[in-house]
Protein chains: 2
Amino acid sequence: MAATDKALAGLRQMIASGELGPGAKFPPEPELCDHLGVSRSSLREAARSLAALGVIESRHGSGTYVSALDPAEIISRFSLSVELIPLEGVLQLLEVRRVLEAHATAAAAARQDPELEEKLGDILDKLEATTDAGEIQALDAEFHGSICAAGGNPTVTALTGVIRGRGGHYRIFEPGADFEAIKQTSDRGHRAILAAIAHRDPAAAATAASAHIAQTELWLRALRPQPQVALEDD
Amino acid sequence: MAATDKALAGLRQMIASGELGPGAKFPPEPELCDHLGVSRSSLREAARSLAALGVIESRHGSGTYVSALDPAEIISRFSLSVELIPLEGVLQLLEVRRVLEAHATAAAAARQDPELEEKLGDILDKLEATTDAGEIQALDAEFHGSICAAGGNPTVTALTGVIRGRGGHYRIFEPGADFEAIKQTSDRGHRAILAAIAHRDPAAAATAASAHIAQTELWLRALRPQPQVALEDD
DNA sequence: GGCCAGAAGTGGTCTGAGGACTTACGCTGG
DNA sequence: CCAGCGTAAGTCCTCAGACCACTTCTGGCC
């Protein structure tokens with residue numbers, strides 16, 4: 001087995017065996033090198049792999065630690081790769097989002113939470129009042145994200161959030177020929193979701209959310225726009 | 001910005017900008033170091049991060065390439081981290097699997113595919129005839145995996161597969177007090193799913209799949225067994 | 001008791017060298 | 001001319017050593 005793979009397997013085994021639980025601290029790098037029988041370069045490359053996957057965290061000057069191993073945090077790491085997926089793959093991911101978000105929206109509707117409804121109403125008021133593409137995207141994310149969070153499963157919230165972020169790179173809401181029509185359809189979809197939640201109707205909420213996201217898929221398939229290339233600074 | 005982060009951002013930007021598409025080859029490491037203004041160590045650590053996320057692939061002696069950027073392949077990389085998630089997080093993930101697999105099973109039922117039904121029947125015949133834990137797990141994965149594949153969305157298949165693999169580390173099917181009862185309930189659940197698919201009844205298929213996985217969640221919550229610690233060799 | 005400076009511990013980065021593997025070229029023999 | 005093969009170039013992989021940057025703890029000072 002190659003050196004880096006050996007180090008990778010060793011580090012993972014230390015966690016999988018229970019020797020190191022969430023938040024635990026690894027021995028210093030020189031000690032790990034000795035224990036695993038690899039050079040420091042190879043150990044560090046293996047550690048970078050696990051850090052990229054959200055399994056461990058290196059803190060400069062302090063040490064290397066096992067992460068919380070929380071699935072929501074681990075899934076969030078996927079945005080680094082998902083943001084690079086081409087349109088064809090994004091459409092497959094949007095189906096995942098549609099199914100999961102319909103489920104989460106239904107769960108949110110089953111709850112009795114006036115504060116949530118008020119918050120969602122405020123978001124939609126702002127959303128319907130703006131035509132700025134960036135603001136639309138941010139408010140849309142806040143609307144759907146709040147609903148998913150109310151659904152009660154942080155992992156679902158994280159997964160749908162990553163996919164939503166990827167879709168947002170496409171310029172559906174840039175001013176253009178169909179801007180008004182698209183914006184109105186989108187706004188109506190949001191109101192339908194909120195109405196279903198306010199009526200405590202999980203089935204209607206799921207249907208409304210599913211239809212809303214399916215509409216986004218249709219726009220993407222039809223427009224096939226080029227994604228924005230700019231990446232945020234890390 | 002730290003050196004490794006600078007290299008990471010640079011590599012991602014080369015892909016995001018469209019300069020390098022799926023399958024494209026990167027310049028040699030020394031050239032990239034010069035271009036990005038970092039040392040080879042830092043560049044290699046950044047490359048390892050992206051390789052762990054399934055975005056790039058380094059081939060010894062050949063070069064470094066952009067991956068196919070296929071969402072199913074990228075999601076498969078998650079098994080490295082998902083396999084380390086503790087039970088509490090696995091339950092959140094199982095809800096994701098339940099929702100997605102119900103959806104995929106419904107899609108499979110909507111198709112008319114006698115070959116699939118025959119294949120699934122054969123798998124269940126073997127599954128009902130064995131009591132070996134490893135064989136049960138393999139056949140169960142083949143059964144559900146075949147159905148998801150028939151659902152038509154490879155990304156859904158990959159995601160459910162990763163989660164199923166994680167759940168399989170728990171020893172539900174180890175011989176014990178409730179082994180017989182659990183096995184019978186599981187077998188009946190599989191037959192119900194197959195029957196719904198054979199009857200071309202998507203709604204029934206979704207319900208059967210959802211109930212089957214929900215049952216697994218209940219067992220996991222009740223038993224809270226310790227996961228097997230052994231990891232497969234890479 | 002609180003604050004601050006120094007020291008120890010630890011990860012981050014760079015440089016240089018040699019090894020291992022893949023690929024492509026050109027030679028040889030048919 | 002073509003197939004087979006060996007060599008050479010190209011590229012990534014691993015190691016070793018040194019130094020830097022950041023965090024944390026300790027001890028003394030006010």
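By convention in this document, chain letters (A, B, ...) are assigned in the order of the sequence lines, proteins followed by strands, and residues within each chain are numbered from 1. Both backbone and side-chain heavy atoms feed into the values below; hydrogens, waters and symmetry mates do not.
With B:Thr130 contributing its side chain and B:Lys126 its backbone, the two residues share no donor-acceptor pair below 3.5 Å. In this structure, A:Ser67 contributes its side chain and A:Gly54 its backbone to a donor-acceptor pair below 3.5 Å. The main-chain N or O of A:Ala51 is found under 3.5 Å from a side-chain atom of A:Arg77 such that the two form a donor-acceptor pair.
OP1 or OP2 of C:dT13 sits under 4.0 Å from a side-chain N or O of B:Thr4. Within the structure, every side-chain polar atom (N or O) of B:Arg40 is placed at least 4.0 Å from both OP1 and OP2 of D:dC15. For A:Thr64 and C:dG11, the shortest distance from a side-chain N or O to OP1 or OP2 is below 4.0 Å.
Rounded to whole Å, the distance from CD on A:Glu29 to P on D:dA16 is 15 Å. Between B:Glu45 atom CD and D:dC12 atom P there is a gap of 16 Å when expressed in whole angstrom units. Following rounding to the nearest Å, B:Phe26 (CZ) and D:dG10 (C1') show an atom-to-atom distance of 18 Å. The CD atom of A:Glu57 sits 18 Å away from the P atom of C:dT10 (whole-angstrom rounding).
Among the atoms of the strands shown, only primed sugar atoms or phosphate atoms (P, OP1, OP2) are found under 4.0 Å from some heavy atom of A:Ser62. Among the heavy atoms of the strands lying under 4.0 Å from B:Ser41 is at least one base atom, whether or not backbone atoms are also near. When heavy atoms are screened at a 4.0 angstrom cut-off, A:Arg44 is found touching base atoms of the nucleic acid.
Donor-acceptor pairing under 3.5 Å, judged by distance alone, is present between the side chain of B:His60 and the base of D:dC12.
Relative ring orientation between B:His212 and B:His144 is described as parallel, the plane-to-plane angle staying below 30° on a 0-90° scale split at 30° and 60°.
Both A:Tyr65 and A:Ala2 sit near DNA chain D, but only A:Ala2 has its closest nucleotide nearer the 5' end. Toward the 5′ end of DNA chain D lies the nearest nucleotide of B:Pro30, the other residue of the pair A:Leu43 and B:Pro30 mapping further downstream.
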